[in-house]
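Scroll down for the structure; my scribbles are underneath it.
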Number of protein chains: 2
Amino acid sequence: MSIQNNEYDKLDHMIAECIMQDAALTSTQLGEKVGLSSSAANERLRRLKQNGHVKKITALVSAEFMDMGLCAFIFVTLDKAEHHKHFLDAIGRNKSILECHHVTGEHSYLLKVRCCNTKSLERLITDFLKGQCNVSKTMTQIVLSSHKDESLIVD
Amino acid sequence: MSIQNNEYDKLDHMIAECIMQDAALTSTQLGEKVGLSSSAANERLRRLKQNGHVKKITALVSAEFMDMGLCAFIFVTLDKAEHHKHFLDAIGRNKSILECHHVTGEHSYLLKVRCCNTKSLERLITDFLKGQCNVSKTMTQIVLSSHKDESLIVD
DNA sequence: AGTGAAATTCACTCTGT
DNA sequence: ACAGAGTGAATTTCACT
């Protein structure tokens with residue numbers, strides 16, 4: 001008897017990999033890829049969704065179409081621990097901010113942001129971020145090019 | 001007369017927003033949300049896909065299920081410009097590396113990575129990254145928690 | 001471009017193993 | 001748990017506006 005989680009096997013992981021590559025696969029196509037009938041493949045996928053392991057089916061959209069061609073990472077330092085919640089609420093509402101991670105090191109948070117140009121990046125930093133009551137410092141790194149940019153695995 | 005791209009209008013952007021939230025919407029549901037018939041909504045979505053503005057339909061999968069609960073950002077500094085290609089090829093093949101951005105500043109690249117624990121993160125840094133011929137320096141920041149982690153807008 | 005209906009394909013259920 | 005058949009629902013095409 002093993003202590004590992006046996007509720008899901010190799011086949012379930014293959015199914016997860018497949019729909020990360022292409023979630024528009026039909027049940028029949030998915031079944032062919034993993035060696036199951038469409039009904040069996042579909043039932044396994046349904047269970048993965050129901051149990052929250054497949055969190056969401058989404059579309060990846062081009063930055064050009066969204067007019068957000070400029071990508072940057074911004075480190076943010078906050079003063080007082082008691083104001084973090086207000087900061088995070090504001091972050092949550094801002095569509096330019098794609099990711100917000102609490103990180104180790106000298107800074108408090110690392111943000112991944114997207115805007116249309118440097119003007120709007122400046123507004124984001126100066127008006128929005130520095131405008132938050134307890135943001136003491138920011139440090140910005142502009143992305144010149146991205147060779148990989150698909151974070152499909154999430155908490 | 002305007003210089004802007006008029007091939008796509010407000011409706012197309014609404015459709016893109018909708019399927020970023022939920023790509024499993026039926027054409028009928030999508031049509032209801034934007035005020036079109038199912039066939040019209042479906043035809044617009046088909047065009048967005050065909051022209052590459054909707055790049056991909058994917059699933060977001062839980063880190064727990066993938067056994068990649070530990071997230072980190074790693075800055076990498078490369079010596080010689082002529083070896084960047086080999087580095088990027090190796091990056092492309094490594095499933096632990098979710099994002100790789102060429103950034104401004106003192107470092108060459110910023111990587112977003114995921115592994116199961118600190119042991120495997122150590123292997124990634126020591127064996128894989130430092131093992132690349134021209135990696136001179138790395139700097140790692142561990143993610144303690146993520147308050148936003150959905151990069152659905154890509155180049 | 002959009003609508004509504006027809007034709008086709010797909011998802012999902014059910015039965016049997 | 002899976003396969004295969006059957007049913008209801010969805011996508012896709014088409015004629016018309």
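The chains referred to below are lettered A, B, ... by the order of the sequence lines, with proteins before strands, and numbering in each begins at 1.
OP1 or OP2 of dA11(C) has not a single side-chain nitrogen or oxygen of Asn42(A) nearer than 4.0 Å. For dA11(C), neither phosphate oxygen OP1 nor OP2 lies less than 4.0 angstrom from any side-chain nitrogen or oxygen of Arg46(A).
The nearest whole Å value for the distance from the CZ atom in Arg47(A) to the P atom in dC12(C) is 16 Å. Distance CD1 (Ile19(B)) to P (dT11(D)): 13 Å, rounded to an integer number of Å. For the pair Leu45(B) CG and dT11(D) P, the interatomic distance rounds to 10 Å; values are reported in whole Å. Atom CG in Leu48(A) sits roughly 12 Å away from atom P in dA1(D) (whole-Å rounding). Separating the CD atom of Gln29(B) from the C1' atom of dA10(D) is a distance of 10 Å, rounded to the nearest angstrom. As a whole-Å value, the separation of Leu25(A) CG from dT9(C) P is 18 Å. Following rounding to the nearest Å, Gln50(A) (CD) and dC12(C) (C1') show an atom-to-atom distance of 14 Å. As a whole-Å value, the separation of Glu32(B) CD from dT3(C) P is 12 Å.
Side chain of His53(A) to backbone of Met66(B): no donor-acceptor contact under 3.5 angstrom is found.
Side-chain atoms of Arg44(A) lie closest to dC2(D) of the nucleotides dT3(C), dC2(D), dA1(C). When distances are taken from the side chain of Thr26(A) to each of dC10(C), dT12(D), dC12(C), the shortest belongs to dC10(C). Counting only heavy atoms from C-beta on, Leu36(A) has its side chain closest to dA3(D) among dG2(C), dA3(D), dT11(D). For Ser37(A), taking side-chain heavy atoms from C-beta onward, the closest of the listed nucleotides dA1(D), dA3(D), dT11(D) is dA3(D). Side-chain proximity of Ser39(A) to the nucleotides dT13(C), dA1(C), dG2(C) is greatest for dT13(C).
Nearest approach of Asp9(B) to Arg44(B), heavy atoms of both residues: OD1-NH1, 2.9 Å. Residues Thr140(A) and Ala72(A) share a closest heavy-atom pair of CG2-CB, 4.2 Å.
Side-chain contact annotation: Ser146(B) with Glu99(A), donor-acceptor N/O pair under 3.5 Å absent.
Classified by interplanar angle (parallel below 30°, tilted 30° to 60°, perpendicular above 60°), the ring pair His102(A)/His147(B) is tilted.
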